[in-house]
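Quick note on labels: first sequence line is chain A, next is B, and so on, each numbered from 1. All values below were derived from every heavy atom in this structure, side-chain atoms included, with hydrogens, water molecules and symmetry-related copies excluded. Fair warning: this is a prediction, and the values are worked out from it, not measured in the lab.
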Amino acid sequence: MAKIELEKAYEASKSEDKIYQKWEESGLFNPDNLPGDRQEYFSIAMPPPNVTGILHLGHALENSLLDTQIRYQRMLGKRALLVPGTDHAAVATQARVEGDLKKQGMANPRQELGREGLLAKIREYAENSKSTILNQIRKMGTSCDWSRLAYTFDEPRSEAVNEIFRLMYEDGLIYRGYRVINWSVKGQSTCSDDELEYVDQKTKVYTFKYSADFPISIATTRPETKLGDTAVAINPNDERYQKYIGQKFTVDVGAKNPLTITIIGDENVDINYGTGAVGVTPAHSQIDFEMYQKNKEIGLIQVIGRDGKMTEEAGKEYVGLGINEAREKFVAYLQANNLLEKEEEITNSVGTSDRFGDIVEALPMEQWFIDVNKQIASRGRSLKELMREAVTVGHNGDNKKIVKIEPDRFQNVYLKWIDNLRDWNISRQIWWGHQIPIWYCDCGHYFYSSNTPDSCPKCNGKNLKQDEDTLDTWFSSGTWTFSTLGWPSESNDLLKFHPTSWMQMGYEILFFWMARMILMSTYALDDIPFKEAYIHGILRDKNGKKFSKSLGNGLDPIEMINKYGTDALRLSLLKGTAPGNDARFYEEKIEGTRNFVNKLWNISRYILQSVESAEIIKSEPESKTLSDQWILSQLNKTIDQATKYLNESQFSLAIEVLTDFTWNDFADWYLEIAKIEGDKNQILLYILQNLMKVWHPFCPFITEEIWSNFNAGMLMIENWPTSKEVDDKLVQSDFSLIKNIVSAIRNLRSENKIEPAKRISAIFLANNEENKVIIESQREIIEHLARLNELTIDQQNPETPKKIENAAANVIDGIEIYLPLEGLVDLKAEAKRLTKEIEEIEKYCKGIEAKLSNQEFVANAPAAVVNKEKQKLAEGQEKLEKLRNQLATFN
RNA sequence: GGACUAUUAGCUCAGUUGGUUAGAGCGUUCGAUUCACAUUCGAAAGGUCACUGGUUCGAGUCCAGUAUAGUCCACCA
């Protein structure tokens, strides 16, 4: 049979697309098609990338995590499902398209194109972008089930959104309310508290009085809003001002009407901060609005409009002015009238819209909200409580229905956020999104309907109009884990795959997304959305800066794939990062992993070219030499560790142990021995095949490519190797003496001083045959060498290492060689260390003995404490004995 | 103001119930290399694990505090 020849170096670009196609055509990404009796289900909902652009490194990281996990689970024999999808990303997408249109010279796309026209443009953009990003996900090798492809804005998902809206509406959780909300003038839409990005700015704080005879001074950073003040709040315990509570003052500051300022008491006002009094502007501050709700009689005056300009209420002199102009004018007025007492520069932070970038205005408006505190009749508690419960005691108190957050510190972050959570504003004034399924009739009645209703259920009127607003994009994303599985119908998928098994996301969307998924799922399905949430950090560039378009420091994953291959990219993203921590990422990292991928290729190339046929080796071949025994035990140990790490989602550590074995133990060490000892094809093939399996989740392409040389099916659906019991007697450190001898010999060989083949074998065979035991420790090797040479080992004699060197040299035919034994036989130091440790533990044991012989202690201390002391003593003595025995072998 | 994270080799980072001599990759230096692989191999140098205390027989690891950097939240009258 012809030997198998591989190309000299692995060329990813030649294989990858072909292999992905093979996988996709096999239909095996779909768990329904997986062969074998797979009882256990494993599912992941892919965090849907926004249809706003192309794949970036963050996506690449997520795909690497997701696919590694799902491939591993599939190989474990589970019905593994990874549902792919995309997110319509309401605001983000519309902002993007509007921005593009403006760049092309359209001044106001909404006006010029109208709702339908603009939506068509956005749809076109989204579809394009969607197909780009889905193809890029294929490039990443992601083994998701394309037959279940979902989109947050497609029919089934819209149905889910409408249905959950109905449920919440009927439960009274969704309500329409007049509130102060965050308004982006640029985007002409509201945004939720979480969508704000706070930036520091330098600004002035002005201390002033409304009029010369007004008794209390107040301070503000927003003078222009003071035209809408209706009250001054002071602490009711403030002796300076409490006498004014309830009094009304009329002041004329130039607004349309003179202001009536009521003095109200409020516990939250800090007596010692500033002037100890707060000017209350109910229309333009959330906190002031809350005060207004408690004291409705003070009234509310809106002086800033949706266009970001002063309203008529602000007065003739101000109407139509921008914020800054109005501010200057008002400050000038204060100065002119001698009302301004102080002007200081401070740094404060202002909320900006994360999508449109402008500073948001607080405006009062009629909007849709989700009430997070209301008791839900069917659940007996509030959404807040549901959200809290799912990560603490478990949903419904069932500790099996618990969302485990990894790393767990994010649990606190999440819980803290819930504590501060206010009602969630879900309506947006943009057009790209799920339109709110509420219809208004001329008669004033409004009602829910999932489709266009015929008539008003109250008055039978036919003139109906749907609410023009759309839903916050996170409203639909929140349903993702179950809307992708067929909810609201009781589909088979839903029964089998929900709750999903695993979820991963960056910490920056913890609140946006994880919280909303938990909310939606616990509410609508009475279950958690996923069992485990793995939180990863964000990738930064070499200098620790975030990757961003504006900085131009982005690395294009597709470019990296073309240059280094997908496997290398995937490995480099997962390597050397700990869960939840940010990681720096740069091209040299990929170079390193590319080298490793190539190593994998060359190992295979070497083995395959030397074997006659590449059958699958089903069971562990018999070992003939010590080196065989060692490498196989190393393999088993490595599989064990990698499995453990993968079960804990410790991808980086799994890669580390696998790399160490593959490169150091197998390629650099065992393959070299194999060249000398010969006749190892079975073992080589066996190890190679196992390597392909364990590397497959990380490097799916190259492993599948190599696997195709065996007479077998697809690697993707092979079973994960189970390790045979590891022989603890042969651990790596015990082998290092032999390793060192061999490397010394290899050096000699390279200097052409010896022809080593027979001699290395001699060491191994001698160890095995003459003793008929496996070497247990360095010491044993030394002793063994000593016996062969009839040497007496004198641990105390400084000459000993030298003698051992000579002995080893004799074993291999009396050739004089240098053996690097330092670090291995520093027995004196070892003995000294042991003696010291024994002394310490003796002292420790004596201490406990003394305590135990103290009658008072034994009589008075609780039994548990006494027992614990006894146990400690027993442990100490046990250890002492072990150490003494160890020391004895030295003498 | 409240938290969280990080601080380990020149650089980037691992180090998960406390346990022998703290690791990796890159970089540096020296050497090797027709025989799977220069996308290679061997070796070396390089560490007061930020600092100060504490707990422990034993601390990079646990506790308290300090410093520096970063992130989040709240407040911003």
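Put simply, CZ on A/Phe666 is 14 Å from P on B/rC41, counting in whole angstrom units. Atom-to-atom, CG of A/Leu658 to P of B/rA24 comes out at 17 Å; the value is rounded to the nearest Å. Per the geometry, CD1 belonging to A/Ile590 stands 14 Å off C1' belonging to B/rC26, to the nearest Å. If you take CD of A/Glu656 and P of B/rC26, they are 13 Å apart, rounded to a whole angstrom. One atom, CG of A/Asn664, and another, P of B/rA24, lie 9 Å apart when rounded to the nearest Å. When rounded to the nearest whole Å, the span between CD of A/Gln609 and C1' of B/rC35 equals 10 Å. Between the P atom of B/rG1 and the CG atom of A/Asn272 lies a distance of 15 Å, rounded to the nearest Å. Atom pair A/Phe410:CZ and B/rC4:P shows a separation of 12 Å (rounding to whole Å applied).
When both pairing distances are held under 3.5 Å, B/rC62 makes a Watson-Crick or G-U pair with B/rG54. Pairing for B/rC35 is absent, judged as Watson-Crick or G-U wobble with the two contacts each under 3.5 Å. Pairing partner, B/rG18: none, since no Watson-Crick or wobble contact has both distances short of 3.5 Å. Across all strands shown, the partner of B/rA6 is B/rU68, judged by Watson-Crick or G-U wobble contacts whose two distances both fall under 3.5 Å. Nucleotide B/rU12: paired with B/rA24 (Watson-Crick or G-U wobble, both distances less than 3.5 Å). Judged by Watson-Crick or G-U wobble contacts below 3.5 Å, the nucleotide B/rC75 has no partner.
Each of A/Asn581 and A/Arg409 was assigned the nucleotide of RNA chain B with the nearest heavy atom; the assignment lying further toward the 5' end belongs to A/Arg409. Residue A/Gly592 is the one, among A/Gly592 and A/Ala9, whose nearest nucleotide of RNA chain B lies closer to the 5' end (criterion: closest heavy atom).
When the side-chain nitrogen and oxygen atoms of A/Asn598 are compared with OP1 and OP2 of B/rU40, none of them lie within a distance under 4.0 Å. Close to B/rA14, at under 4.0 Å from its OP1 or OP2, lies no side-chain N or O of A/Lys575. Put simply, A/Asn595 has a side-chain N or O that comes within less than 4.0 Å of OP1 or OP2 on B/rU40.
For the C1' atom pair drawn from B/rU12 and B/rU52, the interatomic distance equals 29 Å after rounding to whole Å. Taking atom C1' on both B/rC76 and B/rU68, the two are 26 Å apart, rounded to the nearest angstrom. Distance noted for atom P between B/rC11 and B/rG53: 26 Å (whole Å). Taking the P atom of each, B/rG70 and B/rG27 are spaced 29 Å apart, rounded to whole Å. A distance of about 47 Å separates the P atoms of B/rU28 and B/rA74, rounded to the whole Å. Rounded to a whole angstrom, the distance from the C1' atom of B/rG46 to that of B/rU29 is 11 Å. Taking the P atom of each, B/rU61 and B/rG1 are spaced 28 Å apart, rounded to whole Å. When the C1' atom is used for both B/rC57 and B/rA67, the distance is 32 Å, rounded to whole Å.
Taking 4.5 Å as the limit, some side-chain heavy atom of A/Arg240 sits within range of a side-chain heavy atom of A/Ile271.
Separation of atoms CZ (A/Phe666) and CD1 (A/Ile683) is listed at 9.5 Å; rounding is to 0.5 Å. The CD1 atom of A/Ile687 lies 5.0 Å from the CD1 atom of A/Ile631; values are rounded to the nearest 0.5 Å. Atom CE of A/Met692 and atom CG of A/Leu600 lie 4.0 Å apart (nearest 0.5 Å).
Which of B/rU39, B/rA6, B/rG42 sits closest to the side chain of A/Arg594 comes down to B/rU39. Considering only the side chain of A/Ala578, B/rA14 comes nearest among B/rA14, B/rU39, B/rU40. The nucleotide whose nearest atom lies closest to any side-chain atom of A/Leu653 is, among B/rC37, B/rU40, B/rA14, B/rA14.
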Return the polar atom pairs (N/O with N/O) between nucleotides 7-12 of chain B and the protein under 3.5 Å, or none.
| unit_1 | atom_1 | unit_2 | atom_2 | d |
| --- | --- | --- | --- | --- |
| B/rU12 | OP1 | A/Arg584 | NH1 | 3.4 |
| B/rU12 | O4' | A/Tyr586 | OH | 3.4 |
| B/rU12 | O2' | A/Tyr586 | OH | 3.3 |

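When all heavy atoms are compared, the tightest approach of A/Thr207 to A/Ser217 is CG2-CB, 4.3 Å. Taking every heavy atom of both residues into account, A/Gly506 and A/Ile535 meet most closely at C-CG2, 4.2 Å. The two residues A/Asp229 and A/Ile218 have their closest heavy-atom pair at OD2-CD1, 4.0 Å.
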Legend entry - Annotated protein contacts, base or backbone, on nucleotides 70-77 of chain B with a non-hydrogen cut-off under 4.0 Å, one of B, S, - each: ---S-BBB
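In summary, of the residues considered (A/Leu571, A/Leu569, A/Thr577), a side-chain contact (heavy atoms from CB on, under 4.5 Å) with A/Leu573 occurs for A/Leu569 alone. Tested against A/Asp567 for a side-chain contact (heavy atoms from CB on, under 4.5 Å), the candidates A/Tyr10, A/Phe698, A/Trp695 yield a single pass: A/Tyr10.
Donor-acceptor pairing under 3.5 Å is recorded for the side chains of A/Ser192 and A/Glu195. A side-chain donor-acceptor contact under 3.5 Å links A/Asp582 and A/Tyr507.
Using cut-offs of 30° and 60° for the angle between ring planes, the A/Phe214 and A/Tyr210 rings count as perpendicular.
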